[in-house]
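Small disclaimer: the values here were computed from a predicted structure and weren't measured. Just so you know, these numbers use all the heavy atoms, side chains as well, and skip hydrogens, waters and symmetry mates.
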Amino acid sequence: MSNLILNNSPALTWTWLRMNKARIEDDLNSSIDFSNAEYNIISKPESVKIIDLKDFSTKLKTPLSAVFNKTSELGIQYKSVEEENVTELSAKDTLVIQASKKETDPIVINVKAKGNTASNQIIHALSGSEVKVILISESENEEGVNLIRTKCYAEQDSKIHICKVQLLKNGYYHIDSTENVCGENATVVYTELQLGAKSVYTGSYTDLSDYKASYKSDTAYFRKGNQKIDMNYVCCHNHQGKKTNCSMSVAGTLKEDAAKIYRGTIDFKKGCCGAKGNEIEETLLLSPKAVNRSIPMILCDEEDVEGEHGATIGRLNDDMLFYMQTRGIPKNKAERMISRAKIIQVANLIDHACTMAQIEDYLDKEAGL
């Protein structure tokens, strides 16, 4: 049994629920050697630059990770950005994307996994700029471990839209950490699609550090067979983050023997007056064997805040199925259509025709939707 621990919950619940953290219990070796991912930049606006890590500088704090909370517990040969000596890293090891003005066209990057692959990215939006980054994870091999860690730094009055599309083959473990920090009146928008890999461990940590900083995330997933997904999303309204706002939404489908754990936490620190937070989760169960577990949490140490959370879990409505069957749509096709619609709804937020075509092709050929 492996000793890899990921996705620690910010606040503990009953231990017998076995939801406070993720333990990778399969046949992973704790001394994996990772090679660097292969980046293929599909398109890039001229105003968006790829810079050396040694030239990256910011006064924003380094965001934490919801996935790699305790690096000492990882037990694997993978070092995060802040653990490395910046001067010794090259652009090959860490891809640094910097935006200096408002840009409507996205930078689109394919991140190719070959066996056991690790990659780091930094997205830096300078003050007053706006950038959309689309990262598409694909694989050449049939199996392996793919680790991806992305840090987003949104300076004052800037906006980052980070889109992650995971299309790995079914033999992969996928471990994905997105870490965000927002300056004054800055925004990070996170759009995530988890469609491939047999086991997915994903999470996002967002630090709303300054006045009127905001964060919005939308996640969609589809799990079938014996596929698993383990999620940990944390949004922290820091003590200086007055009138900050966050909204987190997760929707997905579990089919056959698939399993899912969702942890969603909104943390209102003392001093974050006027902050607002909302999280909602929707899970569609298409099998009595599917396992669904959810922990939507609000931690509050401040009185002048607004927080809402909720989870909807259920099967297809009998009236809806009957309606579709009266129009010649059998039950199994109706299930595929509704599962696909959940994914497409989030994919449309990416708003990029070529990426959408890639997603549609994967849903047709690999996901069976």
Side-chain angles (χ1 to χ4, degrees), residues 2 4 6-7 22 24 26-43 67-68 74 76-78 92-95 106-121 133-150 162-178 191-204 219-231 252-253 255 258-260 340 343 346-347 350 352 354-369:
S2 176
L4 306 189
L6 303 168
N7 284 356
I24 304 180
D26 298 286
D27 55 351
L28 285 185
N29 190 314
S30 62
S31 59
I32 300 170
D33 288 319
F34 289 93
S35 60
N36 292 319
E38 178 183 308
Y39 294 114
N40 182 17
I41 299 177
I42 307 301
S43 62
V67 178
F68 306 115
L74 282 177
I76 50 181
Q77 296 176 12
Y78 174 70
K92 181 180 178 182
D93 299 306
T94 301
L95 185 71
I107 174 170
V108 183
I109 303 171
N110 273 20
V111 185
K112 186 75 72 174
K114 298 180 179 180
N116 299 327
T117 306
S119 63
N120 288 304
Q121 304 88 35
V133 180
I134 302 174
L135 296 172
I136 304 170
S137 294
E138 297 180 298
S139 55
E140 287 189 359
N141 304 62
E142 293 296 326
E143 59 183 34
V145 182
N146 185 54
L147 280 78
I148 181 168
R149 188 170 195 175
T150 309
I162 170 70
C163 309
K164 285 188 172 182
V165 181
Q166 186 265 111
L167 306 176
L168 297 170
K169 294 184 179 178
N170 192 46
Y172 265 82
Y173 290 83
H174 181 63
I175 304 172
D176 189 340
S177 178
T178 304
T191 305
E192 177 187 23
L193 294 176
Q194 295 289 353
L195 304 179
K198 67 176 179 179
S199 294
V200 175
Y201 301 86
T202 182
S204 174
T219 296
Y221 64 87
F222 178 71
R223 301 281 86 188
K224 65 177 182 177
N226 61 353
Q227 291 178 328
K228 302 176 183 177
I229 184 167
D230 189 293
M231 298 176 279
T253 301
K255 186 178 180 181
K260 182 219 77 180
R340 187 183 183 107
I343 295 166
V346 174
I350 299 175
H352 187 255
C354 291
T355 302
M356 179 61 78
Q358 239 178 312
I359 294 168
E360 296 266 15
D361 185 62
Y362 189 91
L363 293 177
D364 291 336
K365 297 178 180 178
E366 300 294 335
L369 296 179

Please assess Ile109 against Leu95 for the test side chain to side chain contact (heavy atoms under 4.5 Å, CB included), listing each intermediate value before the final yes or no.
CA-CA 11 Å; Ile109 303 171; Leu95 185 71; 3.6 Å; yes
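- A donor-acceptor distance shorter than 3.5 angstrom exists from the side chain of Asn141 to the backbone of Gly115, with no hydrogens or angles considered.
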For the pair Tyr221 and Leu195, evaluate side chain to side chain contact (heavy atoms under 4.5 Å, CB included) and give the outcome as yes or no after the intermediate values.
CA-CA 6 Å; Tyr221 64 87; Leu195 304 179; 5.9 Å; no
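- Looking at Lys164 and Glu192, no side-chain N of the basic residue comes within less than 4.0 Å of a carboxylate O on the acidic one, giving no salt bridge.
- The shortest side-chain heavy-atom distance between Thr253 and Leu369 does not fall under the 4.5 Å cut-off.
- Between the side chains of Gln121 and Thr150, at least one donor N or O sits under 3.5 Å from an acceptor N or O.
- Taking every heavy atom of both residues into account, Ala258 and Lys224 meet most closely at CB-N, 3.9 Å.
- With Glu138 contributing its side chain and Lys112 its backbone, the two residues share no donor-acceptor pair below 3.5 Å.
- Scanning all heavy atoms of the two residues, the minimum distance from Val67 to Thr202 falls at CG2-C, 3.8 Å.
- Ala113 meets the side chain to side chain contact (heavy atoms under 4.5 Å, CB included) test with Thr117, Ser139, Asn146, Leu168, Tyr172; sequence neighbours excluded.
- When atom types are taken as modelled, the side chain of Ser35 and the backbone of Asn116 share a donor-acceptor pair closer than 3.5 angstrom.
- Listed here is the closest heavy atom pair of Ser43 and Pro106: OG-O, 3.7 Å.
- Ion pairing between a basic and an acidic side chain is recognised when a charged N comes within 4.0 Å of a carboxylate O; Glu360 and Arg340 show such pairing.
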Start with the C-alpha distance between Cys354 and Ile42, add both sets of side-chain angles, then the distance that settles side chain to side chain contact (heavy atoms under 4.5 Å, CB included), and finish with yes or no.
CA-CA 10 Å; Cys354 291; Ile42 307 301; over 6 Å; no
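- Note that CD of Gln227 is 11.0 Å distant from CD of Gln194, once rounded to the nearest 0.5 Å.
- For the pair Val200 and Asp176, the minimum side-chain heavy-atom distance is 4.5 Å or more.
- Distance check, rounded to the nearest 0.5 Å: NZ of Lys169 to CD of Glu366 gives 7.5 Å.
- Side-chain contact between Tyr173 and Lys198: present, with at least one pair of heavy atoms (C-beta onward) separated by less than 4.5 Å.
- In this structure, Ile136 CD1 and Tyr362 OH are separated by 13.0 Å, a value rounded to the nearest 0.5 Å.
- Using a 4.5 Å heavy-atom threshold, the side chains of Ile134 and His352 count as touching.
- With values rounded to the nearest 0.5 angstrom, Asn36 atom CG is found 11.0 Å from Lys114 atom NZ.
- The CD1 atom of Ile359 sits 9.0 Å away from the CD1 atom of Ile343 when rounded to the nearest 0.5 Å.
- Formation of a donor-acceptor pair under 3.5 Å by the Arg223 side chain with backbone atoms of Lys228 is found in this model.
- Atom CZ in Phe222 sits 12.0 Å away from atom CD1 in Ile229 (nearest 0.5 Å).
- Around atom CG of Asn40, more than 12 heavy atoms belonging to other residues, nucleotides or ligands sit under 6.0 Å away.
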For side chain to side chain contact (heavy atoms under 4.5 Å, CB included), just list the numbers for Thr219 and Val346, CA-CA rounded to whole Å, side-chain angles, deciding distance to a tenth of an Å, and then say yes or no.
CA-CA 7 Å; Thr219 296; Val346 174; over 6 Å; no
